[in-house]
Amino acid sequence: MDKLEEIFSMQKSLNEYIIEKRNLNFTKEQWIQKGSLALIDEITELLNEVNYKWWKNPKPIDDAAVKEEIVDMLHFFVSICLYAGMSADELYNIYINKNKENFDRQNGLSKKEGYSIKDCK
């Protein structure tokens, strides 16, 4: 099992444990909504760690807290993947294809217009 598969497996176990212990019963749509909102909340917590509030005095950045918030984001991201029926392999394959498309867009090789670096000079 590779590391991404292990993360997916561990998250699946955690999800199942929480569902059982808390007697939860949501639809796929509700799980994806709840996971997305939780992910947004974790992104906000990360932003709070890196002084995004220009109207507030900055504090020293706590690298450990930043990394923990990133891992919290990963927890909810993987949960969303699982509730959407996406495996680690499927995520990997879709990512590989999308990454190629994103490079193609930057290089003017995509059918999508408005991304090419050549056009912005």
Side-chain angles (χ1 to χ4, degrees):
M1 179 182 302
D2 71 16
K3 291 177 182 177
L4 185 58
E5 288 173 335
E6 186 174 2
I7 288 170
F8 268 64
S9 177
M10 292 172 69
Q11 189 62 49
K12 183 176 185 285
S13 293
L14 179 60
N15 289 355
E16 290 170 352
Y17 180 82
I18 292 169
I19 288 168
E20 179 186 336
K21 294 297 180 185
R22 295 186 176 273
N23 196 29
L24 301 173
N25 185 25
F26 300 119
T27 66
K28 173 182 174 176
E29 179 180 37
Q30 290 170 320
W31 277 118
I32 293 171
Q33 290 169 355
K34 290 177 181 307
S36 297
L37 289 169
L39 180 57
I40 290 168
D41 186 59
E42 294 301 336
I43 293 168
T44 302
E45 289 181 17
L46 175 61
L47 284 170
N48 285 327
E49 290 296 332
V50 294
N51 300 308
Y52 86 98
K53 296 177 180 175
W54 63 91
W55 62 91
K56 226 179 141 181
N57 294 336
K59 62 179 182 175
I61 294 179
D62 180 343
D63 290 336
V66 166
K67 291 174 184 177
E68 187 172 325
E69 295 306 338
I70 293 168
V71 171
D72 288 345
M73 291 164 48
L74 180 61
H75 271 280
F76 288 109
F77 174 77
V78 173
S79 279
I80 294 166
C81 291
L82 291 166
Y83 289 121
M86 185 183 293
S87 68
D89 282 340
E90 189 175 11
L91 173 65
Y92 176 82
N93 291 326
I94 293 171
Y95 179 90
I96 294 298
N97 292 332
K98 186 63 179 204
N99 186 268
K100 181 188 179 309
E101 172 64 17
N102 287 338
F103 269 103
D104 286 350
R105 287 176 182 178
Q106 295 301 307
N107 293 314
L109 302 173
S110 172
K111 293 178 183 176
K112 285 247 183 178
E113 294 182 11
Y115 292 91
S116 176
I117 294 170
K118 297 173 193 170
D119 296 339
C120 70
K121 292 181 180 177

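Only heavy atoms go into these numbers, but all of them, side chains included; no hydrogens, no water, no symmetry mates. The chain is numbered in sequence order, starting from 1.
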Can you find a pair of side-chain heavy atoms, one from [X] and one from [Y], that are under 4.5 Å apart?
| X | Y | value |
| --- | --- | --- |
| Ser9 | Lys12 | no |
| Met86 | Ile94 | yes |
| Ile32 | Ser36 | yes |
| Met73 | Ile43 | yes |
| Leu109 | Phe103 | no |
| His75 | Leu14 | yes |
| Glu16 | Ile19 | no |
| Tyr83 | Val78 | no |

Task: Sidechain N-carboxylate O distance under 4.0 Å for Asp63, Lys67 - done: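 Looking at Lys67 together with Asp63, the answer is no, because their closest N to O distance does not fall below 4.0 Å.
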Measuring from [X]:[atom1] to [Y]:[atom2], what's the distance to the nearest 0.5 Å?
| X | Y | atom1 | atom2 | value |
| --- | --- | --- | --- | --- |
| Ser87 | Phe8 | OG | CZ | 7.0 Å |
| Glu45 | Ile40 | CD | CD1 | 12.5 Å |
| Glu101 | Lys111 | CD | NZ | 9.5 Å |

What pair of heavy atoms forms the shortest contact from [X] to [Y], and how long is it?
| X | Y | answer |
| --- | --- | --- |
| Asn51 | Lys59 | ND2-O, 2.8 Å |
| Asn15 | Ser79 | OD1-OG, 2.9 Å |
| Asp2 | Glu5 | OD1-N, 2.7 Å |

TODO: Kindly determine whether Ile96 and Lys100 satisfy side-chain contact (heavy atoms from CB on, under 4.5 Å), including the steps that lead there.
DONE: CA-CA 6 Å; Ile96 294 298; Lys100 181 188 179 309; 5.9 Å; no
Can you hop from [X] to [Y] via hydrophobic side chains spaced under 4.5 Å?
| X | Y | answer |
| --- | --- | --- |
| Leu46 | Ile80 | yes |
| Leu91 | Ile70 | no |
| Leu37 | Trp31 | no |
| Leu74 | Leu4 | yes |
| Phe76 | Ile18 | yes |

Flag if over 12 foreign heavy atoms under 6.0 Å of [atom1], [X]:
| X | atom1 | result |
| --- | --- | --- |
| Tyr52 | OH | yes |
| Tyr95 | OH | no |
| Asn99 | CG | yes |
| Trp54 | CH2 | no |

TODO: For side-chain contact (heavy atoms from CB on, under 4.5 Å), just list the numbers for Glu68 and Val71, CA-CA rounded to whole Å, side-chain angles, deciding distance to a tenth of an Å, and then say yes or no.
DONE: CA-CA 5 Å; Glu68 187 172 325; Val71 171; 5.7 Å; no
- [ ] Without swapping roles, check the side chain of Asp62 against the backbone of Glu49 for a donor-acceptor pair under 3.5 Å.
- [x]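 No; zero donor-acceptor contacts below 3.5 Å.
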Open item on the list: Checking the side chain of Gln30 only, and the main-chain atoms of Thr27 only, is there a donor and an acceptor separated by less than 3.5 Å?
Closed with: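 Checking the backbone N and O of Thr27 against the side chain of Gln30, a donor-acceptor pair under 3.5 Å is found.
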TODO: List the steps and the verdict of side-chain contact (heavy atoms from CB on, under 4.5 Å) for Leu47 and Glu69.
DONE: CA-CA 9 Å; Leu47 284 170; Glu69 295 306 338; over 6 Å; no
- [ ] Go through the structure and list residues passing side chain to side chain donor-acceptor pair (under 3.5 Å) with Lys34, not counting sequence neighbours.
- [x]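 With sequence neighbours excluded, Lys34 shows a side chain to side chain donor-acceptor pair (under 3.5 Å) to no residue whatsoever.
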TODO: Using side chain to side chain donor-acceptor pair (under 3.5 Å) as the criterion, list what pairs up with Glu6, not counting sequence neighbours.
DONE: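 With neighbours one apart ignored, the set is empty.
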